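First the structure, in the form of structure tokens, and then the observations on it.
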Amino acid sequence: MTRDDALALDAADPLARFRAAFDLPKGIIYLDGNSLGPPPRATVARLAGVVSEEWGQGLIRSWNTAGWIDAPTRVGGKIARLIGAKASEVVVADSTTVNLFKLTAGALSLQPGRRTILSETGNFPTDLYALQGLAALLPDRARLKSVAPEALIDAIDDDTAVVVLTQVHYKSALRRDMAAVTAAAHAKGALMLWDLSHSAGAIAVDLNGADADLAVGCGYKYLNGGPGAPAYVFVAERHQGEIRSPLTGWMGHAEPFAFEDGYRPAHDIRGQLTGTPSVLGLAALEAGIDLQLEADPAAIEAKGLALADLFIAEVEARADDPDLALASPRDPAQRGLHVAFAHPQGYALVQALIARGIIGDFRSPDIARYGFSPLYLGYAQVWDAAAAFAEVLATRAWDRPEFHARAAVT
Ligand SMILES: *Cc1c(COP(=O)(O)O)cnc(C)c1O
């Protein structure tokens with residue numbers, strides 16, 4: 001493809017108008033929205049208003065008058081539209097890590113006779129760590145079994161309480177067939193818990209179409225909710241009466257303002273709430289989601305995959321470095337919206353591109369990772385990024401001491 005071809009794709013892009021909704025720095029090609037989405041312009045004004053008006057002038061009255069107390073269910077209801085759920089099945093709370101812990105414990109509460117929590121090796125580390133912590137807390141009740149990805153389906157058995165899996169892998173971008181894996185879990189009587197951190201806002205997700213039981217996901221990646229944005233929880237309606245959260249706080253009580261001594265769970269999605277919601281975090285997340293809801297999820301997925309395909313094709317057409325290998329599925333139907341290239345100098349390569357204004361990230365041990373969030377990226381930008389990537393490889397521009405110095409966050 002020539003650069004003019006890429007410009008022609010930009011001119012015909014049905015999502016092009018969304019680029020004006022962001023204020024990205026000049027000279028930057030931002031290929032890391034899969035890790036931290038940028039702020040929509042509307043977020044800046046929204047946060048300023050929440051601080052100066054709702055908090056500053058409304059003070060504590062704003063819990064009622066500005067709808068703060070309903071924000072977790074209101075914003076959850078909006079996220080539901082992005083993931084194929086009912087509004088009453090999603091709530092915003094805590095972090096993804098905490099929610100995964102809560103829902104996995106909740107799955108055990110629904111499966112009294114079963115002990116095994118099944119996941120895969122190489123899953124996002126915090127997911128495995130949360131499951132390890134839960135298993136350590138309940139040595140007589142739960143055991144964690146992590147198997148190689150290709151062995152997962154066959155490892156589901158009569159003792160499996162819940163299968164915990166990330167739909168789009170954080171490194172490789174390998175996309176799991178949600179309906180097929182969920183059906184395999186159900187065939188053995190197991191529940192299915194999906195981590196949608198790299199799915200929501202990127203690919204079209206249909207939790208209820210796949211008959212999923214439980215899900216969690218992250219607010220600060222494709223949803224552009226801001227660093228450390230609150231995360232969300234999905235519990236299928238059929239489980240809401242019975243599931244129990246292990247973190248029983250007042251916001252999950254049937255009547256938080258009754259101030260009773262004894263915990264009585266809310267028997268709806270609010271049963272997954274714990275403590276006081278992060279109002280500023282919710283406000284920023286809601287602004288990101290409101291923008292996302294203006295776009296067609298199928299168009300987002302199609303453009304993101306096309307941008308990723310363009311990047312792969314242009315890098316491979318130009319780079320003849322034998323050490324470079326595509327570490328993502330080549331078939332777009334099996335991929336999320338990011339692309340991983342393995343290279344022994346992956347860290348320095350990513351740094352050399354950042355120095356040229358092309359921001360991606362590095363995932364140990366050797367992955368240069370680039371995300372193609374469709375709302376603010378264009379085809380010509382991706383073409384330019386691929387050309388720069390190949391040029392840095394060909395000239396070994398990565399081989400400078402400053403590009404080898406590891407920062408705390410990679
Ligand atoms: C980003 C991500 C998380 C993040 O969890 P936090 O609690 O927000 O740190 C968890 N799981 C997966 C699969 C992710 O991609």
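The shown structure was predicted, so the numbers you read here are calculated from the model rather than taken from an experiment. In this chain, numbering begins with 1 at the start of the sequence shown. Ligands are counted one by one from 1 in listed order, and the atoms in each one are counted from 1 as well.
Near T166, meaning under 4.0 Å from any of its heavy atoms, are these atoms of ligand 1: 13 (C). The distance from ligand 1 to the heavy atoms of T126 drops below 4.0 Å at these ligand atoms: 5 (O), 10 (C). Near S95, with a cut-off below 4.0 Å to any heavy atom, the atoms of ligand 1 are 7 (O). Close contacts between ligand 1 and H198 involve ligand atoms 15 (O) [criterion: under 4.0 Å to a heavy atom].
Which of D127, N34, T97 comes nearest to atom 10 (C) of ligand 1 through a heavy atom is settled by distance: it is D127.
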Is there a salt bridge (Lys or Arg N to Asp or Glu O under 4.0 Å) between D290 and R46 once you walk through the steps? CA-CA 12 Å; D290 284 343; R46 173 96 176 97; 6.0 Å; no
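Among residue pairs with one or both ends in residues 38-96, those qualifying as ring pair (Phe, Tyr, Trp, His ring centres under 6.0 Å) are W63-W68; sequence neighbours excluded.
Among protein heavy atoms, the minimum distance from atom 14 (C) of ligand 1 is reached at K221 NZ, 2.8 Å. The protein heavy-atom contact nearest to atom 9 (O) of ligand 1 is Y220 OH, 3.5 Å. Looking from atom 5 (O) of ligand 1 to the surrounding protein, the closest heavy atom is T96 CB, 3.5 Å.
Atoms OG1 and CD1, on T160 and I117 in that order, are 10.5 Å from each other to the nearest 0.5 Å.
Between the side chains of N123 and H169, not a single donor N or O lies within less than 3.5 Å of an accepting N or O.
Screening L223, L196, V205 against L82 for a side chain to side chain contact (heavy atoms under 4.5 Å, CB included) leaves a single residue, L223.
Centroid-to-centroid, the aromatic rings of F403 and Y347 stay 6.0 Å apart or farther.
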